[in-house]
Amino acid sequence: MATDAQPIARAGGFYEELPAGCGAYKFYLDGAWRESSSGKQVSISNPTTQGVAFRVQACTPAEVDLMFEAAKAAQKPWARTPLWKRAQALHAAARLMREHPQPIADALVAEVAKPRKDSMAEVIRSADLIDYTAEEGVRYLGEGKLLTSDSFPGNERNKLCLESRVPLGVVLCIPPFNYPVNLAVSKIAPALMAGNAVVIKPPTQGSVAAIHMIQCFHRAGLPPGVINLATGRGSEIGDYLTTHSSAGCISFTGGDTGIAICKKASMVPLQMELGGKDVCIVCADADIALAARSIVKGAFSYSGQRCTAVKIVLVENAVAEELVDQVLEGVRQLTVGSPEDDASITPVISKSSADFIESLVHDARAKGARLRMDYRREGNLIWPLVVDDVTEGMRLAWEEPFGPVLPVMRVEGVEQAVAHCNASELALQGCVFTRDVERAVRISDAMETGSVQINAAPARGPDHFPFQGFRASGIGSQGIRNSLQMMTKVKSTVINLATPSYTMG
Ligand SMILES: NC(=O)C1=CN([C@@H]2O[C@H](COP(=O)(O)OP(=O)(O)OC[C@H]3O[C@@H](n4cnc5c(N)ncnc54)[C@H](OP(=O)(O)O)[C@@H]3O)[C@@H](O)[C@H]2O)C=CC1
Ligand SMILES: O=C(O)[C@H](O)COP(=O)(O)O
């Protein structure tokens, strides 16, 4: 495991070229790892020790310009590279990621305090996602449509319209800290497969994992310029990137920053996956043991730092006591500690995040909520907490803690639960537990969220499923095929015939 501020890479290894002489990781421009002319570095904090985990270069606007120039120059030849060869390059990157996963996983442990096993799972899931995208891309992008003019009134069959999908140009990819590798490749792989070039700005916490991941694409032999990676704080270079005239698409996952980006961006396609306040509705006829198990896993995996975490339970009064008892039983089994020890609950990403979570707990307690265990915090580590009897007037009813705190609201009936779900600004996912599948479908239809899970906690995966948020939770849809679609545009080529095509024979 890397000690504070020491690069992970070992001499002579696959990742040897990534750290610069000064110990800060290099950025990636036009096929080469480089040091920034800024001479400035950004420190990445280790959420567990609160020391400096790593340092990366603070890229300058001029370097961002060079990335977009390199990407634009590389994009056309890349788009003309046969689909099967693009797929081969992606498969090669995925293979290298599987062959050299440990430094990527180690970086995740150190930078974002993701438990060791989950960190490795993120790397392998990412390699699988790349492979699947290559396979899906070969099929999906290799197909087109033929339309004939004679289906529209007044036309003969003398026009043949060939509809195909063409790339957007340069896709700007901005993933969040909680999946710096997986939510990076879920943007990069479809962008590349569709013939785009990429500029990626990884989250500051998570940059080093992303840098190692990019090395797999580099070593896979992608042409220079096809991928470029800019490091630096979003607050410093973010606006410059998102308003860049050469960005042909912005694919962003994160919080409210995404809403600000939508207001500033020019007329380019936006793929936005933003926050979630995922409700879990538990009906009186539910399998309570299943619901409780799913809630504990759904709410507390990666310490609740998932947009798809269960962020409020809405349970019918009749079974509330039984459900909460079983949830509490499950929460007591969770281990609390460091990501290196694979604890279930690890420190949240930053002090400011821990302070925010704490403010939600204080607000709920002050307004009469019942804390079902003692509130406990040490540094960024917050012990898992169930907050019962939450009511509409509490911030916890509406805001996402992005931490290991689970609000429970007891409701008169399902109508009240659905109304609460639909009154939320955030509308990513939701779930419903009931044994009555017809009722589940009716409830699902009434819930105005991007996805509804029936009898399971919210989740993005499997990664080829469509994944989207309504209202303030996003624009567009992810999922492998949907991302391929969003990172291309439709092109029509119309063949005009002098005589209708069906006049011979
Ligand atoms: N719907 C979904 O799929 C998901 C949603 N989320 C949501 O994301 C939030 C937590 O993630 P977090 O990483 O903190 O989110 P942020 O919105 O703070 O950051 C996301 C990314 O945006 C970058 N960024 C910051 N400022 C700007 C800017 N002005 N212009 C462009 N980019 C910028 C960040 O870089 P830097 O780190 O340098 O600041 C980071 O790479 C939660 O609200 C969560 O619900 C998270 C994961 C998935
Ligand atoms: O960013 C997130 O939190 C994810 O998109 C959720 O993914 P998961 O459901 O696979 O954890």
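In listed order, ligands and their atoms are each counted from 1. All values below were derived from every heavy atom in this structure, side-chain atoms included, with hydrogens, water molecules and symmetry-related copies excluded. Remember, predicted model here, so these are calculated numbers, not experimental data.
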Side chain, backbone, both or neither: which applies to T253 and ligand 2 if a contact is any heavy-atom pair less than 4.0 Å apart? neither

Ligand 2 contacted by Q429 (non-hydrogen, < 4.0 Å): no

So is F467 touching ligand 2 or not, going by heavy atoms under 4.0 Å? yes

Compute the shortest N/O to N/O distance between R460 and ligand 2 and return yes if it is under 3.5 Å, no if not. yes

May I ask you to check whether Q305 has an N/O atom sitting below 3.5 Å from an N/O atom of ligand 2? no

Using heavy atoms and a threshold below 4.0 Å, how should the contact between [X] and ligand 1 be classified: side chain, backbone, both, or neither?
{"X": "R306", "value": "neither"}
{"X": "F467", "value": "side chain"}
{"X": "I349", "value": "neither"}
{"X": "I261", "value": "side chain"}

For [atom], tell me which residue out of [options] has the closest non-hydrogen atom.
{"atom": "atom 7 (C) of ligand 1", "options": "G232, P175, G254", "answer": "G254"}
{"atom": "atom 18 (O) of ligand 1", "options": "L172, T257, T231, L241", "answer": "T257"}
{"atom": "atom 5 (C) of ligand 1", "options": "L274, V56, D256, V112", "answer": "L274"}

In terms of atom number and element, which parts of ligand 2 are under 4.0 angstrom from non-hydrogen atoms of C307? 1 (O), 2 (C), 3 (O), 4 (C), 5 (O), 6 (C)

With a 4.0 Å cut-off on heavy atoms, is F252 touching ligand 1? yes

If I take atom [atom1] from residue [X] and atom [atom2] from residue [Y], how far apart are they, to the nearest 0.5 angstrom?
{"X": "I454", "Y": "I281", "atom1": "CD1", "atom2": "CD1", "answer": "11.0 Å"}
{"X": "D363", "Y": "E399", "atom1": "CG", "atom2": "CD", "answer": "8.0 Å"}
{"X": "N182", "Y": "M213", "atom1": "CG", "atom2": "CE", "answer": "9.5 Å"}

For D118 and R125, run salt bridge (charged side-chain N to carboxylate O under 4.0 Å, His left out): C-alpha distance rounded to whole Å, both residues' side-chain angles, the deciding distance at 0.1 Å, then the answer. CA-CA 10 Å; D118 294 351; R125 175 181 179 180; over 6 Å; no

Please verify the inter-ring angle class for H244 with F68; under 30° counts as parallel, over 60° as perpendicular, anything in between as tilted. parallel

Would you kindly check if the NZ (Lys) or CZ (Arg) of K114 is within the cone defined by 45 degrees around the ring axis of Y179 and under 6.0 Å from the six-membered ring centre? yes

Would you say T253 has any N or O atom under 3.5 Å from an N or O of ligand 1, going by distance alone? no

Checking a contact table here: which protein heavy atom is nearest atom 11 (O) of ligand 2, and how many Å away? Y179 OH, 2.4 Å

Taking atom 45 (O) of ligand 1 as the reference point, the nearest protein heavy atom with its distance: E400 OE2, 2.9 Å

